[in-house]
2 protein chains.
Amino acid sequence: MSLDHVLLGALREPASGYELKQRFDTVFRHFWPAEQSQIYRTLQRLESAGWVAGRQAASARGPRRRVYSTTARGLAQLRRWLAQGPIVGDDRHAFVAQVLFLHELDDAAAARDFLAALHSEFAARLAELEAVEARWRTDDPRCPDGLAGADFYAHLTLTLGLAKYRAIAEWAARERGRAEARLPTRGTRARTR
Amino acid sequence: MSLDHVLLGALREPASGYELKQRFDTVFRHFWPAEQSQIYRTLQRLESAGWVAGRQAASARGPRRRVYSTTARGLAQLRRWLAQGPIVGDDRHAFVAQVLFLHELDDAAAARDFLAALHSEFAARLAELEAVEARWRTDDPRCPDGLAGADFYAHLTLTLGLAKYRAIAEWAARERGRAEARLPTRGTRARTR
DNA sequence: CACTGCATGTAACCTGTTACATGATTTC
DNA sequence: GAAATCATGTAACAGGTTACATGCAGTG
């Protein structure tokens, strides 16, 4: 139940369900997306378990808010989760299945376009993370190597995203090229096989 | 509903639920794992939709089997799915959340060990795929560049897995080194912060 | 007064996991 | 005759998604 632990980690700094949703949509989304309905539901469950505590708070604008934070028991639970070692689990990537079955399209140009679209997608994700890193470097002179505490680990997740998206974008560009090379030359039939 | 389409693609070659489970555990597992119970349940739904057809078949050993194959309507559905372009969707990787919250362990040596464990995990996955590729090369002299038809696309999924696992394993090795360098030297207090 | 942003929640549904249940045939 | 392998299915539950419902406060 990783959502539980992402919330436990996030709530070391107190936040409302609404604020959590925003953090999910910006940072956590990259490795554990969650919908608002699921966040509120899970918060309730974690509170009955005694892992987070909620309290009523006033709001600068808008209705009253309910602010949660991780309890001592919640923190102990989070530490156990971290101490058990990496939870790697399975990948679930529909696009890889699509690549595997691309042959069923029986259309080498469409396959090449498919790989080109994959390249745009991952190049865009890479550019997004590169922008985040560039901003960080200009905002904080200690950025890559002087980072301490929680920032050091946050930066690690950034370099992982960078490495992964870079590898996939390069793969897509390379394979798009190989697919291009297989295309029938002009003047011959457009279909393969 | 990607499981539907993975089954549609797999059943271009007729197979029983049991055989499909084996293919999931060897090949499809790398991008779309599925349990036996889910496979049988989905097969029933796809059959009512008219996308696959099942027929009774004799079995060399063991009880009677039910062999399914993709129908013309199922193939049309599969092609529509491929033609709509890559479905990239979200990543859900608990270990990245763990890295982000590693600071809560407040133990730099444990964090270094965590990264070392990640490195072993991904190095092992990489080695597994490298072995698959090596076997393919020795079995088929056309292997990397002369591959045609469905094999060309199957090889693409292999090079993707190779690129991705290589990138992650290299990241883990590099960051393990950086974490090592931050360790307090012998004789000083063992805890960071 | 309409719209936007803040804020919290519920209901129905779909997908995926775990556990259980059954039975045939072959090999030791 | 016990164990392994072939083979198919169901039930209960957990986790995640989509859609809906409600209401406050400030801005134009």
Side-chain angles (χ1 to χ4, degrees), chain A residues 1-8 11 14-26 28-29 31-49 52-68 81 87-94 97, chain B residues 1-8 11 14-26 28-29 31-49 52-68 81 87-94 97:
Chain A
M1 278 179 293
S2 294
L3 178 59
D4 294 26
H5 297 93
V6 176
L7 287 172
L8 255 19
L11 290 174
S16 67
Y18 187 84
E19 287 168 324
L20 284 167
K21 173 58 176 161
Q22 291 171 313
R23 294 201 67 194
F24 271 89
D25 288 347
T26 49
F28 305 148
R29 161 177 68 93
F31 49 81
W32 205 273
E35 295 304 321
Q36 180 252 54
S37 59
Q38 207 188 348
I39 293 169
Y40 281 103
R41 189 215 265 156
T42 306
L43 244 17
Q44 286 167 7
R45 185 162 46 76
L46 295 180
E47 187 166 27
S48 351
V52 304
R55 61 194 152 74
Q56 220 60 228
S59 147
R61 70 188 59 210
R64 89 286 170 203
R65 36 206 305 268
R66 194 167 170 77
V67 174
Y68 295 88
W81 183 68
I87 298 169
V88 178
D90 297 307
D91 288 344
R92 221 174 267 276
H93 296 309
Chain B
M1 279 179 294
S2 294
L3 178 60
D4 294 26
H5 297 93
V6 175
L7 287 172
L8 255 18
L11 289 174
S16 68
Y18 187 85
E19 288 168 323
L20 285 167
K21 173 58 176 159
Q22 292 172 312
R23 293 201 66 194
F24 271 89
D25 288 348
T26 49
F28 305 147
R29 161 177 71 92
F31 49 83
W32 205 272
E35 296 303 322
Q36 180 251 54
S37 59
Q38 207 189 347
I39 293 168
Y40 281 103
R41 187 214 266 157
T42 306
L43 245 16
Q44 286 167 7
R45 185 164 44 77
L46 294 180
E47 187 165 30
S48 347
V52 305
R55 62 195 149 73
Q56 220 59 230
S59 148
R61 71 189 58 207
R64 87 289 171 204
R65 35 208 303 271
R66 193 164 171 78
V67 173
Y68 294 88
W81 183 69
I87 298 169
V88 178
D90 298 306
D91 286 346
R92 220 173 266 275
H93 296 308

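Here is how names work: the chains are called A, B, and so on, in the same order as the sequence lines, proteins then strands, and each is numbered from 1. We use all heavy atoms of the structure for the numbers below, so side chains are in, but hydrogens, waters and symmetry mates are not. Here the structure is a predicted model, which is why all the values come from computation and not from measurement.
- Residues meeting the ring pair (Phe, Tyr, Trp, His ring centres under 6.0 Å) test with A:Trp81, sequence neighbours left out: A:His5.
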Step-by-step side chain to side chain contact (heavy atoms under 4.5 Å, CB included) determination, A:Leu11 to A:Leu46: CA-CA 11 Å; A:Leu11 290 174; A:Leu46 295 180; 5.7 Å; no
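- Shown here are the salt bridge (charged side-chain N to carboxylate O under 4.0 Å, His left out) partners of A:Asp90, two or more places apart in sequence or in another chain: there are none.
- One can place NZ of A:Lys21 at 11 Å from C1' of D:dT17, the figure rounded to the nearest angstrom.
- Atom CD in B:Gln22 sits about 9 Å away from atom C1' in D:dC6, given to the nearest Å.
- At C:dC6, one or more side-chain N or O atoms of A:Tyr18 fall inside 4.0 Å of OP1 or OP2 (strictly under the cut-off).
- D:dG15 atom P lies 13 Å from atom CD1 of A:Ile87, rounded to whole Å.
- When rounded to the nearest whole Å, the span between CG of B:Leu20 and P of D:dC6 equals 15 Å.
- A search for side-chain hydrogen bond (donor to acceptor under 3.5 Å, both in side chains) contacts involving B:Arg29 returns B:Glu128, not counting sequence neighbours.
- For the side-chain contact (heavy atoms from CB on, under 4.5 Å) with A:Arg65, the qualifying choice from A:Arg55, A:Gln56, A:Glu19 is A:Glu19, the only one to do so.
- B:Arg65 has its CZ atom 24 Å from the P atom of C:dT22, to the nearest Å.
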Letter per nucleotide, 5' to 3', of nucleotides 9-16 of chain C [B base touched, S only sugar-phosphate touched, - untouched; heavy atoms, 4.0 Å]: BBBB--SB
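- Not counting sequence neighbours, the partners of B:Phe24 by the ring pair (Phe, Tyr, Trp, His ring centres under 6.0 Å) test are B:Phe28.
- Taking every heavy atom of both residues into account, B:Pro33 and A:Arg92 meet most closely at O-NH1, 3.0 Å.
- With the nearest nucleotide of DNA chain D identified for both B:Asp90 and B:Glu19, B:Glu19 has the one nearer the 5' end.
- One interatomic measurement links the two molecules: CZ of A:Arg23 to P of C:dC6, which rounds to 17 Å at whole-angstrom precision.
- Side-chain contact between A:Glu47 and A:Gln44 is absent, with no heavy-atom pair separated by less than 4.5 Å.
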Candidate pair B:Thr42 and B:Met1, rule side chain to side chain contact (heavy atoms under 4.5 Å, CB included), full reasoning: CA-CA 10 Å; B:Thr42 306; B:Met1 279 179 294; over 6 Å; no
Watson-Crick or G-U pairs under 3.5 Å in DNA chain C, rendered as dot-bracket with [ ] for crossing pairs and | for another strand: ||||||||||||||||||||||||||||
